[in-house]
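Comments concern the structure below.
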Amino acid sequence: MKYKPLSKSFYKNTRKLFMAEMEPNSIAIFNSNDIYPISADSVMPFEQHRDLFYLSGIDQEESIIILFPDAINPKHKEIAFVKKTNSHIAIWEGPKLNKEETYKISGIKTVYWLEDFKNIFQELSTQCNKFYFNTNEHYRQAVETETREDRFIKWCKNQYPAHNVAKSNPILQKLRSVKDDQEIIQIKKACDISENALRRVLSFLKPGVWEYEIEAELVHECIKNRSRGFAYQPIIASGINSNILHYTLNNKKCKSGELVLIDVAAEYGNYSADITRTFPVSGIYTERQKKVYNAVLNVKNEATKLLVPGTLWKEYHIEVGKIMTSELINIGLLDKSDIKNQDPKSPAYKKYFMHGTSHHLGLNTHDYGLLNLPMESQMVFTVEPGIYIPEEGFGIRLEDDVVIQSNGEPINLSKNIPIEIDEIESLMN
Ligand code: GLY
Ligand code: MN
Ligand code: MN
């Protein structure tokens with residue numbers, strides 16, 4: 001692997017925390033992701049299922065872990081299954097995890113080959129009453145494919161119809177939303193790599209460069225710094241494109257006088273950063289662009305102060321809406337009558353700022369977290385207000401990644417990435 005892994009004690013602890021939430025006489029099963037096909041013999045690069053990774057650190061396809069706190073044989077409280085390699089795989093793909101390496105990464109002492117899974121699972125199933133299945137209950141999930149986990153659940157229900165079932169996902173949503181210091185180090189590293197990438201763009205950007213050339217500069221810094229690449233599809237949106245929230249074509253030439261909105265960040269060790277900066281193509285913002293930019297920056301700074309323990313995600317968004325409304329009045333995009341007549345379910349500010357301000361960040365870019373629970377220290381959130389004005393030909397979003405503290409304001413992990421107008425202009429000139 002390219003990245004520095006977390007210690008096995010981290011994974012021992014995540015499993016301990018998970019098992020503490022399980023009911024007696026139950027088994028939890030976690031499957032890796034498939035390697036997804038393209039067509040012919042082409043496949044997508046492998047991405048580990050983040051739950052299996054969170055509980056084991058195993059970053060290899062065709063892996064399973066089992067947690068069975070009440071196992072009769074103490075060896076079977078935690079089991080990892082990995083694929084037995086062979087000389088063909090060794091020649092074509094290189095080394096795969098052996099049992100000792102699997103232990104060293106995960107701290108799981110009992111490691112079997114995947115080919116033995118069904119026999120061992122048969123024995124364990126006779127000792128338990130309940131299976132914890134790991135379904136995807138993320139608030140934004142929209143998955144149309146059948147995952148390896150889905151296939152396992154189907155098989156297991158068919159094979160063992162008399163067992164009760166329970167959900168792993170709510171436990172994981174809760175655990176994964178509060179980060180260990182070691183995880184914050186990985187996210188910070190992803191932010192630091194993103195900083196290198198965005199600083200490189202500051203010295204590269206000028207009228208006439210193409211959005212995809214900016215993408216190439218960015219990915220160079222990611223890969224050079226031991227990231228697999230972008231944490232999500234990069235958005236490099238110049239001029240009018242900056243009003244398209246998920247613009248990923250990145251195929252337009254940047255022109256003098258335009259802004260370019262860059263929502264790009266590195267992953268590191270399967271952890272995401274999520275950063276947005278909006279730079280002036282010619283190295284200098286117009287007076288109007290400055291005004292809107294500073295309105296967005298003010299909202300970001302004020303919103304960040306609200307990210308403290310106890311804040312409710314829904315109420316936070318209502319408060320940020322009020323701050324945004326007042327900034328939009330200041331820059332002349334809304335007036336008092338717009339506010340007086342607004343429908344509280346669809347407030348006037350949404351015309352210019354139509355997405356959420358914050359989401360959890362971690363092993364997934366839109367990470368786990370139960371949104372009805374109050375914020376807690378060690379949760380990591382993005383803060384990403386934007387103002388989009390197609391009629392003026394530009395949109396501005398600014399996005400940082402912050403860690404909630406038990407006292408005071410959150411720590412901004414991406415604070416070294418230039419964001420003030422003066423700093424950006426001086427670096428570009
Ligand atoms: N880059 C995706 C987001 O900001 O949520
Ligand atoms: Mn983003
Ligand atoms: Mn985001």
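For ligands, and for the atoms within them, numbers begin at 1 and follow the listed sequence. Numbering of residues begins at 1 and proceeds along the displayed sequence.
Vertex the Mn ion (ligand 3); arms to Glu399 atom OE2 and Asp274 atom OD2; angle 80° (nearest 10°).
Here is the list of ligand 1 atoms found below 4.0 Å of a heavy atom in Glu384: 3 (C), 4 (O), 5 (O). Against a heavy-atom cut-off of under 4.0 Å, Glu399 is close to the following atoms of ligand 1: 4 (O).
Remark: Arg176 qualifies as a cation-pi partner of Tyr368 under the 6.0 Å distance and 45° angle criteria applied to the six-membered ring. Relative to the six-membered ring of Tyr285, Lys290 misses at least one condition, a distance below 6.0 Å or an angle of at most 45° to the axis.
In terms of protein heavy-atom proximity, atom 3 (C) of ligand 1 is nearest to Asp274 OD2, 3.2 Å.
Ligand 1 has no N or O atom lying under 3.5 Å from any N or O atom of Thr365, backbone or side chain.
The shortest heavy-atom contact between Gly239 and Lys252 is N-NZ, 4.4 Å. Pairing each heavy atom of Met22 with each of Tyr132, the nearest pair is CA-OH, 3.5 Å.
Ligand 1 is approached by His366 to a heavy-atom distance shorter than 4.0 Å. For the pair His359 and ligand 1, a heavy-atom separation below 4.0 Å is found.
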Query raised in the report: ring-ring contact (aromatic ring centres under 6.0 Å, His included) between Phe68 and Phe131: does it pass, once the steps are laid out?
Result: CA-CA 10 Å; Phe68 186 8; Phe131 297 132; 9.5 Å; no

Query - Worked verdict on Glu61 versus Lys83 for salt bridge (Lys or Arg N to Asp or Glu O under 4.0 Å) - result: CA-CA 8 Å; Glu61 70 282 2; Lys83 190 178 162 170; 5.7 Å; no

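For the Mn ion (ligand 3), the set of nearby N, O or S atoms under 2.8 Å includes none belonging to His366.
Distances from the Mn ion (ligand 3) to the N/O/S atoms of Glu384 are shortest for OE2. Residue-level check: among N/O/S atoms of His359, NE2 sits closest to the Mn ion (ligand 3).
Ser358 places a side-chain N or O within donor-acceptor distance of the main-chain N or O of Thr382, the cut-off being under 3.5 Å.
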